[in-house]
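Here the structure comes first, spelled out in structure tokens, and everything after it is commentary.
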Amino acid sequence: MSRTITRAVVAAGGAGTKMAPITRILPKEMLPAGGRPILEHLVHELRTAGITDVLFVISAHKPQIPAYFGSGAAYGMDFSYRLQDDGAGPGAPVLAAETWTQGQPFVFAFGDNLIRGAAADSQTPLQRLVSGTSDCSVLTRIFPADSIPAHETLLGAADAPEPGPAAVVFGRDRLDHAGAQWVHACAARWVLGPFVFKALRACPPRPGGELYLIDAIRRWIAADNHLTALPLRPDDLRFNCDNWETYRDAVAALRP
């Protein structure tokens, strides 16, 4: 069944403590790379994928984001903003958007992650993701199981990576990655359907009180549901700019 996804929720509420003290005055999402803020790269990525309406879920300590982006008219898009309590966790922005999504599938993206597809590709990774039909799908990066970077969000076991972006139907049999040689790590871009709100409400928070999307999704998969994982190609660039090392890599890669 064909569908058109036009709405995206962007999580941009994290405190950026790994990049302090500069993030006390400038949100990590607004740090420059390639001549524009990290978050502006995401705005262009969303627009290229056909997104017209964006809800930014931000902290009250980040007034620079709405001040910079405004109504979205400059991009031919419509922007809205909603505040999130500090420390609520990465699942909280999704719950905050339940009414706004109007019961339709939507893109969920983390604003501190910069993704750029290979120049030779006719579609961006996000375009490939939204062109699917699953109401639960995610871009992933496949890593060797014995060398997963500390900042990655683990999904589960993977087959050995292949050159093309072959989608993988991910069921509960892949959740246990013990003994696996390769694993899927989530790559900050999701397509989610209305099911996710019930899944998040049923998911207990972690000991610190934070609600995690990945916890709710893994519980949902364990209940015999299926997710579609779309691995990034080896030459697709992705930078999780929540730390100085990765941010410096992004600046170097995007330098003209």
Side-chain angles (χ1 to χ4, degrees), residues 8-19 23 27-29 42 55-59 61-62 82-98 100-101 105-113 115 129 134-143 145 148-158 170-172 174-178 180 183-230 238-243 246:
V9 178
V10 174
T17 53
K18 296 176 188 174
M19 303 180 79
T23 47
K28 58 183 176 176
E29 297 88 356
L42 173 56
L55 176 65
F56 295 93
V57 183
I58 63 174
S59 163
H61 303 295
K62 297 185 178 183
R82 193 157 296 173
L83 296 182
Q84 171 189 314
D85 293 337
D86 291 343
V94 179
L95 274 181
E98 182 170 9
W100 183 85
T101 60
F106 59 97
V107 168
F108 179 60
F110 289 91
D112 58 2
N113 273 245
I115 295 178
L129 188 72
S134 172
D135 278 358
C136 186
S137 55
V138 62
L139 291 180
T140 65
R141 177 74 84 188
I142 296 178
F143 291 100
I148 309 166
H151 59 270
E152 296 293 343
T153 298
L154 182 63
L155 179 61
F170 192 99
R172 62 184 180 185
R174 290 181 177 265
L175 290 175
D176 183 2
H177 62 280
V183 294
H184 287 280
C186 302
R189 304 291 187 266
W190 295 78
V191 168
L192 298 168
F195 81 90
V196 73
F197 304 114
K198 181 178 179 181
L200 280 165
R201 281 192 288 268
C203 182
R206 294 192 182 182
E210 293 183 318
L211 182 62
Y212 274 74
L213 175 64
I214 188 61
D215 294 350
I217 294 297
R218 285 176 58 85
R219 284 167 56 92
W220 179 78
I221 294 170
D224 211 20
N225 295 294
H226 293 83
L227 167 150
T228 298
L230 183 63
R238 181 223 166 188
F239 303 98
N240 182 0
C241 298
D242 72 344
N243 63 88
T246 309

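Worth knowing before you read on, the calculation uses all heavy atoms, side chains too, and leaves out hydrogens, waters and symmetry mates.
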**Message:** I need the L155 CG to L227 CG distance, nearest 0.5 Å.
**Reply:** 6.0 Å
**Where A187 and I115 come nearest, the two heavy atoms and their spacing** = O-CD1, 3.3 Å
**Prompt:** Do you know which two heavy atoms are closest between A157 and D176, and how far apart they sit?
**Reply:** CB-O, 4.2 Å
**Complete:** Shortest non-hydrogen pair, H177 vs V183, comes out as CB-CG1, 3.9 Å
**Request:** Measure the CD-CG distance between E29 and D112 for me, rounded to the nearest 0.5 Å.
**Result:** 5.5 Å
**Item:** Residues which pass side chain to side chain donor-acceptor pair (under 3.5 Å) with N113, listed by chain and number, not counting sequence neighbours
**Value:** R238, N240
**Item:** With R189 via salt bridge (Lys or Arg N to Asp or Glu O under 4.0 Å) - residues at least two apart
**Value:** E45
**Complete:** Those residues at least two apart in sequence (or on a different chain) that pass salt bridge (Lys or Arg N to Asp or Glu O under 4.0 Å) with R206 are D215
**Request:** Applying side-chain contact (heavy atoms from CB on, under 4.5 Å), name anything that partners E210, two or more places apart in sequence or on another chain.
**Result:** Y212
**Request:** Show your reasoning for whether side chain to side chain contact (heavy atoms under 4.5 Å, CB included) applies to I217 and L192.
**Result:** CA-CA 10 Å; I217 294 297; L192 298 168; 4.2 Å; yes
**Fill in**
Smallest heavy-atom separation, P93 atom then V9 atom, equals O-CG1, 3.9 Å
**Heavy-atom closest contact (F108 atom, P90 atom, distance)** = CZ-O, 3.7 Å
**Asked** If you take all heavy atoms of L55 and A97, which pair is closest and at what distance?
**Response** CD2-CB, 3.6 Å
**Prompt:** Under the side-chain contact (heavy atoms from CB on, under 4.5 Å) test, which residues partner L211, sequence neighbours left out?
**Reply:** L95, L200, C203
**Asked** Under the side-chain contact (heavy atoms from CB on, under 4.5 Å) test, which residues partner R218, sequence neighbours left out?
**Response** L175, I214
**Complete:** CG of D135 to CZ of F195, rounded to nearest 0.5 Å, is 7.5 Å
**Asked** Short question: side chain of N225, backbone of W220 - any donor-acceptor pair under 3.5 Å?
**Response** yes
**Prompt:** What distance separates L213 CG from F110 CZ, expressed to the nearest 0.5 Å?
**Reply:** 6.0 Å
**Item:** D242 bridged to K28 by N-O distance under 4.0 Å
**Value:** no
**Prompt:** Quick one: side-chain contact (heavy atoms from CB on, under 4.5 Å) partners of P149, sequence neighbours excluded?
**Reply:** F143, H151, E152
**Fill in**
Rounded to the nearest 0.5 Å, the CG atom of L230 sits from the OG atom of S137 at a distance of 8.0 Å
**Request:** With sequence neighbours left out, write down each residue that passes side chain to side chain donor-acceptor pair (under 3.5 Å) with R201, or none if nothing qualifies.
**Result:** E98
**Listed partners of K198 passing salt bridge (Lys or Arg N to Asp or Glu O under 4.0 Å), at least two apart** = none
**Request:** Decide side chain to side chain contact (heavy atoms under 4.5 Å, CB included) for V196 and F106; before the verdict, give the C-alpha distance in whole Å, the side-chain angles of both, and the deciding distance to 0.1 Å.
**Result:** CA-CA 11 Å; V196 73; F106 59 97; 4.2 Å; yes
**Item:** Pairing residues for T140 by the side chain to side chain donor-acceptor pair (under 3.5 Å) criterion, not counting sequence neighbours
**Value:** H184
**Asked** What pairs with S59 under side chain to side chain donor-acceptor pair (under 3.5 Å), at least two apart in sequence or on another chain?
**Response** D86
**Message:** Using the salt bridge (Lys or Arg N to Asp or Glu O under 4.0 Å) criterion, which residues pair with R219? Sequence neighbours excluded.
**Reply:** none
**Prompt:** Nearest 0.5 Å, what's the CZ-NE2 distance between F170 and H226?
**Reply:** 10.5 Å
